[in-house]
Amino acid sequence: MTEVEKKSMSAGKKITLTIAVVVILIAGYFALNLYKVYFAPNVTENQKYLYIKTGSNFDTLIEGLKKKDIVKSISSFTTAAEKMNLSANVKPGRYRLKKGMTNRTLINMIKAGNQEPVKLKFQNIRKKENFAAYLANNLEADSLSFINVLDSAALIGKYGFNEDNVYAMFIPNTYEMYWNVSPVDFFERMHKEYDKFWNAERKQKAAALNLTPAQVYTLASIVDAEALYDKEMPIIAGLYLNRLNRGTLLQADPTVIFANNDFTVKRVTNKLLQVQSLYNTYKYVGLPPGPIMMPSINAIDAVLNRDKNDYIYMCAKEDFSGFHNFAATKEQHEINAKKYREALNKRNIFK
């Protein structure tokens with residue numbers, strides 16, 4: 001082989017090597033870029049959840065990511081999103097974020113609508129407005145939207161309720177629900193839970209008391225408001241049922257407080273008893289038109305499984321333990337009430 005041929009071969013090898021290096025570098029560049037766009041950690045730890053409101057589009061999603069500082073590189077997310085056709089598949093919801101999540105994982109989560117449910121736990125909420133506010137704090141819709149549904153005569157009438165007793169449809173418990181559930185869908189889900197709760201056994205027990213499920217719920221709300229301890233609930237339920245069956249005024253202080261819409265009251269006075277309201281059980285015989293709070297399941301079952309006693313009266317114990325003294329006669333009740341009044345006066349809680 002001549003010297004020229006040797007030089008030519010050497011030059012060819014160099015060119016080949018150079019081309020190979022260039023190809024490798026280009027491939028490495030594209031591989032690195034591919035990694036950064038799809039597989040590199042990009043989600044920050046600044047937010048626990050990504051909230052995408054109903055009606056959001058791709059642009060509002062990007063704005064939200066920027067505003068909340070959810071991703072480190074918005075450009076890489078945008079590139080990946082465009083390649084993965086996210087713009088046509090933005091689904092509203094509440095998405096759980098994890099530090100170091102990749103663009104690909106987050107985009108697939110949004111496209112699939114794989115949101116994390118909200119846990120709703122409600123009990124002892126006094127009024128519909130309070131309930132609507134609680135729901136609005138945990139779900140997408142605002143409180144007015146929930147109130148509008150709760151006050152919709154057409155909707156609640158379809159299920160046998162009215163504006164006064166619709167509260168009775170909500171069985172206090174813990175429920176999982178998607179953040180973007182509509183108020184109507186929420187209502188319908190709660191009615192399904194209501195039907196599950198009021199099984200044949202509970203309905204039979206209610207019927208045996210000559211009460212509807214809604215009336216049981218209303219009485220349970222009074223029992224729950226009166227009882228500090230669950231073990232007293234069946235006794236108190238028995239007492240009020242005795243009054244109902246005799247046609248005697250319930251004279252339940254919590255209903256008077258509800259009627260006056262003042263929940264700071266520590267002692268029901270004669271002035272408060274004058275309020276003109278169907279919820280004032282010192283003036284009107286029978287149950288009020290609807291519940292005065294959202295009772296616990298224990299309170300509902302306490303009514304259904306009430307203690308069969310002959311009590312007509314009760315009064316808080318003078319030791320302020322939260323328990324009650326019960327009486328079957330007015331004479332015994334006066335003795336109990338006198339003890340309690342004296343204890344109140346010693347603490348300077350006057351009428």
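- No hydrogens or angles considered: nothing links the side chains of Asp224 and Gln123 as a donor-acceptor pair under 3.5 Å.
- For Asn108 and Thr105, the side-chain atoms include no donor-acceptor pair closer than 3.5 Å.
- Counting only heavy atoms from C-beta outward, the side chains of Glu116 and Arg94 approach each other to under 4.5 Å.
- Salt bridge status for Glu342 with Lys338: present, with a side-chain N to carboxylate O gap under 4.0 Å.
- Ring geometry, Phe186 versus Phe131: the interplanar angle falls from 30° to 60°, so the pair is classed tilted.
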Do any side-chain atoms of residues 249-257 form donor-acceptor pairs under 3.5 angstrom with protein atoms, and if so which ones, sequence neighbours left out?
{"residue": "Asp253", "atom": "OD1", "partner": "Tyr282", "partner atom": "OH", "Å": "2.6"}
{"residue": "Thr255", "atom": "OG1", "partner": "Ala252", "partner atom": "O", "Å": "2.7"}
{"residue": "Thr255", "atom": "OG1", "partner": "Tyr279", "partner atom": "O", "Å": "3.1"}
{"residue": "Thr255", "atom": "OG1", "partner": "Thr281", "partner atom": "N", "Å": "3.4"}
{"residue": "Thr255", "atom": "OG1", "partner": "Thr281", "partner atom": "OG1", "Å": "2.7"}

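- Scored by the side-chain hydrogen bond (donor to acceptor under 3.5 Å, both in side chains) test, Glu129 finds no partners at all (sequence neighbours excluded).
- Proximity of a side-chain donor or acceptor of Asn130 to a complementary backbone N or O of Lys127 within less than 3.5 Å is detected.
- Although no hydrogens or angles enter the test, the distance criterion places no donor-acceptor pair under 3.5 Å between the side chain of Asp307 and the main chain of Pro234.
- Inspection of the Asn305 and Lys205 side chains reveals an N or O donor paired with an N or O acceptor under 3.5 Å.
- Salt bridge annotation for Lys330-Glu334: absent, with no cationic side-chain nitrogen under 4.0 angstrom from a carboxylate oxygen.
- Using bins of under 30°, 30° to 60° and over 60° for the plane-to-plane angle, the ring pair Phe187/Tyr159 lands in the tilted bin.
- Inspection of the Ser277 and Asn280 side chains reveals no N or O donor paired with an N or O acceptor under 3.5 Å.
- Between the side chains of Glu318 and Asn325, at least one donor-acceptor pair of N or O atoms lies under 3.5 Å.
- You'll find the side chain of Lys48 reaches within 4.5 Å of the side chain of Arg96, heavy atoms only.
- Contact annotation: the side chain of Asn103 never approaches that of Thr79 to less than 4.5 Å [non-hydrogen atoms, C-beta and beyond].
- Ring geometry for Phe170 against Tyr167 counts as perpendicular: the plane angle is over 60°, on a 0 to 90° scale with 30° as the lower cut.
- For Asn124 against Ser296, the heavy-atom pair with the smallest separation is OD1-N, 4.5 Å.
- Considering only heavy atoms from C-beta on, Ile300 comes within 4.5 Å of Tyr217 through its side chain.
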